[in-house]
Amino acid sequence: MAVEKILVAYNFARYERKGLDFVASTYAGRKDVKITLFNAYTPLPAVEMNGNPEMAKVRPGMASLSDELRQKESALKSCIDYLLENGFSQDQLDYVFKAREKSVADEILDMVSKGHYRVVVLSRQPTKVSRLFGRSVHSRILSSIKDVTVCVAS
């Protein structure tokens with residue numbers, strides 16, 4: 001039996017839950033799917049703080065940003081828990097939380113290409129439909145991807 005690999009781009013906005021709800025309602029109970037939740041975050045700058053008293057002023061802000069990243073990774077793991085509660089098994093679920101090296105769209109496209117995903121689930125804030133086709137992550141993915149189903153939940 002062939003496994004259908006699904007990539008769910010997740011960016012922690014409140015409307016992102018719609019993508020998870022779509023995946024749960026569409027694929028729950030199917031044993032032939034593997035789902036990966038994906039987030040590419042802006043990396044923290046590498047700052048040498050030792051030996052410079054001025055840099056000590058930056059330390060609390062950097063610690064706060066590091067805490068925020070840990071909280072986001074934890075939130076991504078809680079999305080895995082949500083899918084577990086909605087009909088998936090642990091071996092069907094995975095997540096990737098990585099420092100962004102290029103644009104978000106390019107990170108998603110690389111992930112799709114390297115991971116051989118057949119379905120990409122994106123979420124967007126409900127707005128005018130015309131904005132969907134403007135210059136955005138969604139339009140970049142939709143215009144660049146081939147032989148992959150793209151679902152935009154809104």
Side-chain angles (χ1 to χ4, degrees), residues 2-46 60-154:
V3 173
E4 186 170 16
K5 293 179 73 176
I6 302 164
L7 181 69
V8 181
Y10 197 81
N11 199 31
F12 308 104
R14 74 179 155 73
Y15 57 83
E16 298 280 344
R17 183 66 123 204
K18 291 183 180 192
L20 292 177
D21 291 341
F22 168 77
V23 168
S25 66
T26 305
Y27 297 102
R30 286 185 47 185
K31 300 299 179 195
D32 64 336
V33 296
K34 292 217 180 253
I35 298 164
T36 302
L37 300 179
F38 177 75
N39 178 271
Y41 60 87
T42 303
L44 297 178
M62 293 296 286
S64 175
L65 290 172
S66 293
D67 287 344
E68 185 179 328
L69 283 178
R70 279 191 289 280
Q71 289 171 1
K72 284 187 174 186
E73 185 172 15
S74 178
L76 200 58
K77 289 178 184 177
S78 72
C79 292
I80 294 285
D81 294 338
Y82 173 77
L83 293 173
L84 285 169
E85 294 166 3
N86 283 281
F88 296 93
S89 62
Q90 186 68 49
D91 63 326
Q92 291 179 284
L93 304 171
D94 192 14
Y95 77 95
V96 174
F97 186 70
K98 71 178 288 271
R100 191 169 61 123
E101 297 172 5
K102 30 187 142 170
S103 73
V104 172
D106 287 335
E107 292 286 357
I108 293 169
L109 291 168
D110 282 355
M111 199 62 192
V112 169
S113 174
K114 291 175 184 171
H116 305 288
Y117 290 91
R118 302 297 305 145
V119 177
V120 177
V121 178
L122 306 171
S123 298
R124 71 174 186 88
Q125 185 173 11
T127 58
K128 291 182 180 178
V129 173
S130 61
R131 290 187 190 161
L132 174 63
F133 299 103
R135 293 196 161 282
S136 68
V137 171
H138 299 90
S139 64
R140 170 87 168 93
I141 291 169
L142 289 168
S143 66
S144 301
I145 217 161
K146 294 187 179 19
D147 299 324
V148 175
T149 301
V150 178
C151 173
V152 180
S154 64

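Positions are given from 1, in the same order as the sequence printed here.
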Within the side chain of [X], is there an N or O that forms a donor-acceptor pair under 3.5 Å with the backbone of [Y]?
X: Lys34; Y: Asp91; result: yes
X: Ser123; Y: Gly19; result: yes
X: Glu4; Y: Asp32; result: no
X: Thr26; Y: Val23; result: no
X: Ser144; Y: Ile141; result: no
X: Lys5; Y: Gly115; result: yes
X: Gln92; Y: Arg30; result: yes
X: Arg70; Y: Leu65; result: no

Min side-chain heavy-atom separation [X]-[Y] under 4.5 Å:
X: Val137; Y: Ile108; result: yes
X: Asp94; Y: Ile35; result: no
X: Asn39; Y: Val96; result: no
X: Ile145; Y: Val150; result: yes
X: Leu84; Y: Gln90; result: yes

How long is the straight-line distance from [atom2] of [Y] back to [atom1] of [X], given to the nearest 0.5 Å?
X: Ile80; Y: Thr36; atom1: CD1; atom2: OG1; answer: 8.0 Å
X: Leu37; Y: Cys79; atom1: CG; atom2: SG; answer: 6.0 Å
X: Leu109; Y: Arg140; atom1: CG; atom2: CZ; answer: 5.5 Å
X: Lys31; Y: Phe88; atom1: NZ; atom2: CZ; answer: 9.5 Å
X: Asn11; Y: Glu16; atom1: CG; atom2: CD; answer: 5.5 Å

Problem set entry | salt bridge (charged side-chain N to carboxylate O under 4.0 Å, His left out) involving Asp21 - partner list, sequence neighbours excluded |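 Here no residue qualifies.
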Would you please name every residue forming a ring-ring contact (aromatic ring centres under 6.0 Å, His included) with [X], sequence neighbours left out?
X: Tyr117; value: none
X: Phe12; value: Tyr10
X: Tyr27; value: none
X: Phe97; value: Tyr41

task = Any chance you could lay out the side-chain contact (heavy atoms from CB on, under 4.5 Å) test for Val121 and Ile6, step after step, and finish with the verdict?
result = CA-CA 7 Å; Val121 178; Ile6 302 164; 4.0 Å; yes
Check the side chains of Asp106 and Ser103 for a donor-acceptor pair under 3.5 angstrom, ignoring hydrogens and angles.
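Yes.
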- Task: Report yes or no: do Ser74 and Gln71 form a side-chain donor-acceptor pair below 3.5 Å?
- Result: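 Ser74 vs Gln71: no donor-acceptor pair found between side chains.
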**Request:** Show the numbers, then the answer: is there a side-chain contact (heavy atoms from CB on, under 4.5 Å) between Val152 and His138?
**Result:** CA-CA 8 Å; Val152 180; His138 299 90; 4.1 Å; yes
Next item on the list: Report the C-alpha separation of Asp110 and Lys102 in whole Å, then their side-chain angles, then the decisive distance to 0.1 Å, and conclude whether the salt bridge (Lys or Arg N to Asp or Glu O under 4.0 Å) test is met.
Entry: CA-CA 10 Å; Asp110 282 355; Lys102 30 187 142 170; 2.2 Å; yes
Mind checking what makes side-chain contact (heavy atoms from CB on, under 4.5 Å) contact with Thr42, not counting sequence neighbours?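 Thr42 satisfies side-chain contact (heavy atoms from CB on, under 4.5 Å) with Arg100 once adjacent residues are dropped.
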Checking side-chain contact (heavy atoms from CB on, under 4.5 Å) for the pair Lys98/Met111: CA distance, chi angles, key distance, verdict? CA-CA 11 Å; Lys98 71 178 288 271; Met111 199 62 192; 5.5 Å; no
#### Entry: Nearest atoms (heavy-atom pairs only) where Asn86 meets Ala24
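Residues Asn86 and Ala24, closest heavy atoms: CB-CB, 4.0 Å.
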